[in-house]
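Here's the structure we're looking at; comments come further down.
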2 protein chains.
Amino acid sequence: MDRREEEFLAAYDPRAYDPVAVAIDVVALTIRDGALNVLLVQRGAPPQEGMWALPGGFVKNTRDETGAVRPEGLDEAAARELAEETGVRADALERVHLEQLAAYGAPGRDPRMRVVSVAYLAFAPEMPEPRAGSDAADAVWTPVGSLGLTGTGAQRPGTTRRLAFDHSVILTDGLERARSKLEYTALATTFCAPEFTIPELRAVYETVWGEELHAGNFHRKVLSVPGFVESTGTTSERGGRRGGPRARLYRPGDARLLHPALLRPSREEEIR
Amino acid sequence: MDRREEEFLAAYDPRAYDPVAVAIDVVALTIRDGALNVLLVQRGAPPQEGMWALPGGFVKNTRDETGAVRPEGLDEAAARELAEETGVRADALERVHLEQLAAYGAPGRDPRMRVVSVAYLAFAPEMPEPRAGSDAADAVWTPVGSLGLTGTGAQRPGTTRRLAFDHSVILTDGLERARSKLEYTALATTFCAPEFTIPELRAVYETVWGEELHAGNFHRKVLSVPGFVESTGTTSERGGRRGGPRARLYRPGDARLLHPALLRPSREEEIR
DNA sequence: TCAATAGTGTCTATTAGACAGTATTTT
DNA sequence: AAAATACTGTCTAATAGACACTATTGA
């Protein structure tokens with residue numbers, strides 16, 4: 001760094017600009033009782049107190065091991081928010097997939113000030129009931145079907161849990177990303193236990209996509225994709241709930257992308 | 001809004017938090033002389049003065065038609081930055097595709113302060129040589145091949161145009177997004193003139209993907225995807241540069257997504 | 001015993017890709 | 001005339017999806 005640059009930085013005043021805040025919001029998805037659920041917190045403080053929202057908060061400065069103040073990376077902040085709001089420890093987060101979704105910065109989306117929110121998408125296996133974090137009055141897994149989302153990100157009138165800010169838009173985007181990711185990545189396995197059966201994996205696809213799949217063709221297809229799943233050599237304890245043989249158990253394979261992909265059956269409408 | 005919420009907002013002090021800035025950076029891609037080019041500006045002021053960077057800047061408050069101050073949406077800010085740095089007027093921007101790429105917020109990525117940058121990706125047809133905007137010493141279309149990008153987003157030593165901040169990472173992400181988008185969307189046509197031939201469209205794919213495609217199979221495949229292109233009934237003025245018949249001219253069709261998709265031939269390596 | 005389910009076999013339509021062939025243009 | 005190129009035809013392998021069938025389990 002040259003002399004001129006040093007002088008510039010010494011004279012730079014970060015507070016000379018309009019204040020903007022950067023927040024993180026997490027769309028955390030899991031499957032409970034055969035339905036797709038999203039983690040919601042009930043706001044315990046203004047603004048929009050009492051409404052439901054995606055877990056999140058402002059990006060902070062954290063202290064590292066030596067106690068020094070250190071700003072937080074975005075991914076790091078998202079993992080922290082998720083851990084705080086779900087009450088899971090960091091080691092349990094290892095089995096959670098977390099990726100950036102998008103940034104939202106429409107003027108007026110937060111009444112306090114200009115807030116740009118970086119949204120994250122999380123895929124989690126079955127998790128314990130969350131405990132409410134610091135700013136939240138309550139935290140629960142909520143079936144997304146109960147939120148009355150329309151295709152455009154609005155909520156149908158009469159829905160009991162109204163989402164704060166533009167969170168219904170963020171959730172809608174997250175759901176579409178999740179549905180799309182199941183097509184060409186192996187991420188469906190992150191919704192499953194460490195060992196799972198092909199029918200369980202199929203249930204993940206059916207739940208996220210919201211449509212039934214042909215059991216026989218799905219089975220053959222999953223096994224034909226190199227690296228998607230890996231046999232454990234064992235079988236499940238029980239057969240299907242209403243009968244049927246015990247299914248073989250599999251582990252996630254080493255493939256990140258699926259080739260060929262598993263495409264959703266009914267996408268004809270949304271092509272144009 | 002209830003009483004309590006009003007009181008809260010009146011007492012809220014946005015400057016009580018650590019200052020953060022939100023910037024926009026644009027990865028603007030076009031094809032010139034058969035090579036993929038990205039728009040770069042040479043920084044005319046510290047920090048990193050003299051280095052090359054993606055066009056961008058801080059999100060501002062703008063004045064609307066009535067002269068009232070109004071904060072800017074992110075998409076709006078990206079379009080403004082692109083227009084300012086390329087010197088194209090808003091109407092020419094209509095033929096440019098602009099989409100959000102990702103947010104970048106690693107601590108220390110900007111020496112001035114905490115900066116979270118929302119990156120955008122733009123696909124443009126052939127455009128005039130840009131004129132340098134306000135903060136830039138120069139602005140040029142640069143072949144991406146000349147930037148010595150490695151797979152991880154670093155630049156090879158000895159590259160003449162070094163990119164400022166983490167812009168080589170952003171550019172690498174933008175290139176991968178562009179390559180991927182050509183597979184399943186009809187966006188390749190946004191690199192072309194309003195009327196184009198199938199061989200011209202093939203050149204777009206070959207340039208962005210960096211590999212040669214089979215002319216005959218590509219031709220048949222493009223015509224087989226419903227809504228990808230639409231015949232104009234006319235033919236080009238000239239044949240191929242070194243001989244061959246005149247090609248028929250097409251317009252972009254009404255499809256947004258390609259079904260079936262045009263997949264890159266050589267993705268075997270990156271699957272795991 | 002009956003119904004449901006796991007897993008496999010088979011058939012057909014669609015698609016990807018290799019290769020060949022013809023007509024048309026530039027040099 | 002020669003070379004390049006636009007486009008079309010044809011063949012093969014891979015894939016998607018429908019349907020059928022057997023074996024095994026729970027109720």
Side-chain angles (χ1 to χ4, degrees), chain A residues 34 182-184 192 195-206 209 211-226 228-229 231-250 255 257-268 271, chain B residues 34 182-184 192 195-206 209 211-226 228-229 231-250 255 257-268 271:
Chain A
L182 290 205
E183 292 192 305
Y184 60 94
C192 297
E195 297 195 345
F196 54 87
T197 67
I198 304 287
E200 282 165 0
L201 187 63
R202 177 163 48 85
V204 170
Y205 277 89
E206 291 178 332
W209 284 350
E211 49 192 328
E212 298 214 333
L213 301 174
H214 187 287
N217 289 340
F218 180 87
H219 193 108
R220 183 159 12 85
K221 173 122 200 180
V222 166
L223 295 183
S224 80
V225 176
F228 191 1
V229 298
S231 177
T232 64
T234 57
T235 62
S236 54
E237 291 289 310
R238 281 183 42 100
R241 358 195 135 178
R242 284 173 294 183
R246 301 177 181 188
R248 293 197 264 259
L249 285 167
Y250 295 85
L257 299 177
L258 303 184
H259 187 78
L262 278 105
L263 299 177
R264 277 175 278 183
S266 57
R267 287 206 317 165
E268 304 306 324
I271 287 176
Chain B
L182 290 205
E183 291 191 307
Y184 61 94
C192 297
E195 297 194 349
F196 52 87
T197 67
I198 304 288
E200 282 166 0
L201 187 63
R202 175 163 49 86
V204 170
Y205 276 90
E206 291 178 334
W209 284 351
E211 48 190 329
E212 298 213 335
L213 301 176
H214 185 287
N217 289 341
F218 180 86
H219 194 107
R220 187 161 4 89
K221 171 122 201 181
V222 166
L223 295 183
S224 79
V225 177
F228 192 0
V229 298
S231 176
T232 65
T234 58
T235 62
S236 54
E237 292 287 311
R238 282 184 40 102
R241 357 195 134 180
R242 287 173 291 185
R246 300 177 180 185
R248 294 197 263 261
L249 284 167
Y250 295 86
L257 298 176
L258 303 183
H259 186 77
L262 278 104
L263 299 176
R264 277 174 279 185
S266 57
R267 287 205 317 164
E268 303 307 322
I271 286 177

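Each chain gets a letter, A, B and so on, in the order its sequence line appears, and its residues count up from 1. In this text, all values refer to a predicted model and were calculated from it rather than measured experimentally.
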query = Taking the nucleotide of DNA chain C with the closest heavy atom to each, which residue, A:Leu223 or B:Pro260, is nearer the 5' end?
reply = A:Leu223
inquiry  = Within a 6.0 Å radius of atom CD on B:Glu211, are there more than 12 heavy atoms belonging to other residues, nucleotides or ligands?
reply    = yes
note = The nucleotide from D:dT15, C:dA18, D:dG17 with an atom nearest the side chain of B:Asn217 is C:dA18
query = Do B:Leu201 and B:Phe228 touch side chain to side chain, with heavy atoms closer than 4.5 Å?
reply = yes
ask   = Whole-Å distance between C:dA4 P and A:Glu212 CD?
value = 13 Å
Listing time: all N or O pairs from protein to nucleotides 5-7 of chain D that are below 3.5 Å?
| unit_1 | atom_1 | unit_2 | atom_2 | d |
| --- | --- | --- | --- | --- |
| D:dT5 | OP1 | B:Arg242 | NE | 3.4 |
| D:dT5 | OP1 | B:Arg242 | NH2 | 3.2 |
| D:dT5 | O4' | B:Gly243 | O | 3.0 |
| D:dA6 | OP2 | B:Arg202 | NH2 | 3.2 |
| D:dC7 | OP1 | B:Arg248 | N | 2.8 |
| D:dC7 | O5' | B:His219 | NE2 | 3.4 |
| D:dC7 | O3' | B:Arg248 | NH2 | 3.0 |

ask   = Which part of the nucleic acid does B:Arg238 contact within heavy-atom distance under 4.0 Å: base, sugar-phosphate only, or nothing?
value = sugar-phosphate
request  = Using whole Å, report how far CG of B:Leu262 lies from C1' of C:dG17.
outcome  = 13 Å
task = Nearest whole angstrom, please: distance from the P of C:dC19 to the CZ of B:Phe218.
result = 20 Å
ask   = Above 12 or not: heavy atoms from other molecules or residues under 6.0 Å from CD of A:Glu212?
value = no
task = Determine, stepwise, if the pair A:Arg248 / A:Thr235 fulfils side-chain contact (heavy atoms from CB on, under 4.5 Å).
result = CA-CA 4 Å; A:Arg248 293 197 264 259; A:Thr235 62; 4.2 Å; yes
query = Nearest-Å distance, CG (A:Leu201) to P (C:dA6)?
reply = 12 Å
key: Comparing A:Glu237 and A:Ser224 on DNA chain D - which has the more 5′ nearest nucleotide   = A:Ser224
query = Which pair of heavy atoms, one from A:Ile198 and one from A:Phe218, lies closest together, and at what distance?
reply = O-CE2, 3.8 Å
query = A:Leu213 CG to C:dA6 P: how many Å, rounded?
reply = 13 Å
inquiry  = Tell me the interatomic distance from B:Arg220, atom CZ, to C:dG21, atom P, rounded to whole angstroms.
reply    = 16 Å
ask   = B:Glu206: what forms a salt bridge (charged side-chain N to carboxylate O under 4.0 Å, His left out) with it, not counting sequence neighbours?
value = B:Arg202
